[in-house]
Student: 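Could you have a look at this structure, given as structure tokens, before my questions?
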Amino acid sequence: MSSHPDVISVGIIGAGSMGARHAATLSTCVPGVRVAGVMDLDRSRAERLSAGCGAGVMVFEDGRELIRHGGIDAVVITTPDETHAGLVIECLEAGKPVFCEKPLATTVEEARRILDAEAALGRRMVVVGFMRRYDPSHREVREAIDSGAIGRPVLFRGIHRNAAALPGTTSESVLVNSAVHDLDTARWLLGQEIEEAYVSGVSTGARSDDGVLDLQMIQLRLGGGCLADIEVYVNAGYGYEVGLEVVGDSGTVSIAPSGSSMLRRQRCVGRRIEGDWLERFDAAYVLEMQRWIGDLHEGNFTGPDAWDGYVSLAAVECCISSLNSGSPQSLTIPDRPALYEGIAEVNR
Ligand code: ISE
């Protein structure tokens, strides 16, 4: 049974492009919800976003104030990665459900504190924005694997290219901010945990000569005997692409890096390539918000949870150790606590 009002009042923390996308989705594509508050350190940015969400939307410059406000029922966090864990814990302390953009935190230790805070509440309150799990083409791949259409999966191959690295990118943040998606996708699609990672990187000098290892190759061994091989290149220049192939022992299933239509003319062939994740995962962002709000109304929980956030960060830290040491590193994931067991359609 729902413990929520007919219309859930959501507070958005962070009025950048991701906050704006979720605010627009909630305001136009999701029933039973309203954007009731927007917080940003830059007040004018928060004001601009709030003005686009209807009348009477509150503006905050302090995340804690928004979280604690009696007029806010649930919270969306879209601020820079290093602020996520602290804000999620504030939400848990205030007893408010929270949708946190990935990564859940920037270290395993912070993610562990979130698990502890959720354990103290005794219920799942945190959804992590691993939106690929809602992407229709990723869902099809998952269904093909689950139906047995490719036999037993043995290999995951991933391609993840950003047009240009975000300002402040470091060799480690390529893993924390970008590769975390691929690590989550591999374990979600294969239903296996990562047991070993070997990562190497180069600085391509494509957009700057700052020495950042902007092209990284990740090799994984997973528990059920699968291998994975993932390219993450955050300065690809030409556009944004995410593609994958899962090879099974009797077939393969794949997502082409660019899913747009192909045009052939004047002895040339061409297709449009998306500029960024907001374009490529447009549908997924709507589906994940619809699902989150629907679940809150119904008292369900089906999204990627804090456990998924924690495990993905354990894998990221293992990758960072490998990148820094130059050798393969092993990883042991502890048993999943009972709180995170149970059927969840999108989650498992
Ligand atoms: C960005 O923050 C995202 O979350 C995108 O989905 C990802 O593809 C990109 O690499 C990240 O920088």
Side-chain angles (χ1 to χ4, degrees), residues 12-22 25 76-85 87-88 99-106 127-139 156-186 188-189 199 201 204 206-208 210 212-218 230-244 255-259 273-289 303-304 308-309 312-313 315-316 319-320 323:
I12 309 273
I13 301 193
S17 58
M18 207 61 245
R21 167 56 60 93
H22 289 319
T25 302
V76 172
I77 297 173
T78 69
T79 40
D81 297 353
E82 58 283 3
T83 65
H84 290 183
L87 290 165
V88 169
F99 177 97
C100 180
E101 265 310 326
K102 49 48 62 178
L104 176 62
T106 51
V127 174
V128 182
F130 285 128
M131 78 299 186
R132 291 186 190 179
R133 294 187 184 209
Y134 301 82
D135 173 55
S137 56
H138 281 74
R139 301 283 317 158
F156 171 96
R157 284 185 190 283
I159 291 176
H160 182 170
R161 298 187 188 138
N162 289 2
L166 301 168
T169 293
T170 63
S171 303
E172 287 78 18
S173 76
V174 170
L175 292 160
V176 175
N177 183 268
S178 293
V180 69
H181 277 297
D182 309 285
L183 298 168
D184 178 68
T185 306
W188 171 65
L189 285 177
V199 184
T204 65
R207 314 249 91 67
S208 69
D210 52 11
V212 170
L213 304 174
D214 56 357
L215 169 59
Q216 299 187 18
M217 291 300 304
I218 303 171
I230 300 162
E231 171 205 319
V232 183
Y233 184 21
V234 295
N235 270 322
Y238 66 87
Y240 179 78
E241 291 195 288
V242 168
L244 64 82
I255 299 174
S258 172
I273 293 173
E274 286 99 357
D276 64 15
W277 47 94
L278 292 174
E279 280 183 58
R280 164 64 181 85
F281 290 104
D282 191 38
Y285 289 124
V286 173
L287 291 167
E288 75 177 349
M289 279 294 124
D308 296 308
S312 61
L313 283 164
V316 163
C319 288
I320 292 175
L323 187 69

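Remember, it's 1-based here, ligands and their atoms both numbered in the order they're listed. All values below come from the heavy atoms of this structure, side chains included, with hydrogens, waters and symmetry mates left out. Start at 1 with the first residue, then count along the sequence.
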Student: List the steps and the verdict of side-chain hydrogen bond (donor to acceptor under 3.5 Å, both in side chains) for His160 and Glu241.
Tutor: CA-CA 6 Å; His160 182 170; Glu241 291 195 288; over 6 Å; no

Student: What atoms in ligand 1 come closer than 4.0 Å to a heavy atom of Lys102?
Tutor: 1 (C), 2 (O), 3 (C), 4 (O)

Student: Please check: side-chain N/O of His84 versus main-chain N/O of Pro103, any donor-acceptor pairing under 3.5 Å?
Tutor: yes

Student: Any donor and acceptor pair, going by atom type alone, linking the side chain of Asp282 with main-chain N or O of Tyr285 inside 3.5 Å?
Tutor: no

Student: Tell me which part of Met131 gets within contact of ligand 1: side chain, backbone, both or neither, using heavy atoms under 4.0 Å.
Tutor: side chain

Student: Is Ser178 in polar range of ligand 1, meaning some N or O pair under 3.5 Å apart?
Tutor: yes

Student: Below 4.0 angstrom, N of the basic side chain to O of the carboxylate: do Arg157 and Glu231 qualify?
Tutor: no

Student: Please state whether Arg280 comes within less than 4.0 angstrom of ligand 1, counting heavy atoms only.
Tutor: no

Student: To the nearest 0.5 angstrom, please state how far the CG atom of Leu87 sits from the CD1 atom of Ile77.
Tutor: 4.5 Å

Student: Side chain or backbone, does Trp277 bring an N or O within less than 3.5 Å of an N or O on ligand 1?
Tutor: no

Student: Using a 4.0 Å cut-off to any heavy atom of Leu166, which atoms of ligand 1 qualify?
Tutor: 12 (O)

Student: Measure the acute angle between the ring planes of His138 and Phe281, then classify it against the limits of 30° and 60° as parallel, tilted or perpendicular.
Tutor: tilted

Student: State whether the side chain of Asp214 and the backbone N or O of Thr204 hold a donor-acceptor pair below 3.5 Å, judged by distance alone.
Tutor: yes

Student: Please determine if His181 has a nitrogen or oxygen closer than 3.5 Å to a nitrogen or oxygen of ligand 1.
Tutor: yes

Student: Return the closest protein heavy atom for atom 7 (C) of ligand 1 as residue, atom name and distance.
Tutor: His160 NE2, 3.4 Å

Student: With the threshold set at under 4.0 angstrom, would you say Tyr240 reaches ligand 1 through any of its heavy atoms?
Tutor: yes

Student: Please list the nearest protein heavy atom to atom 11 (C) of ligand 1 with its residue and the distance rounded to 0.1 Å.
Tutor: Asn177 OD1, 3.1 Å

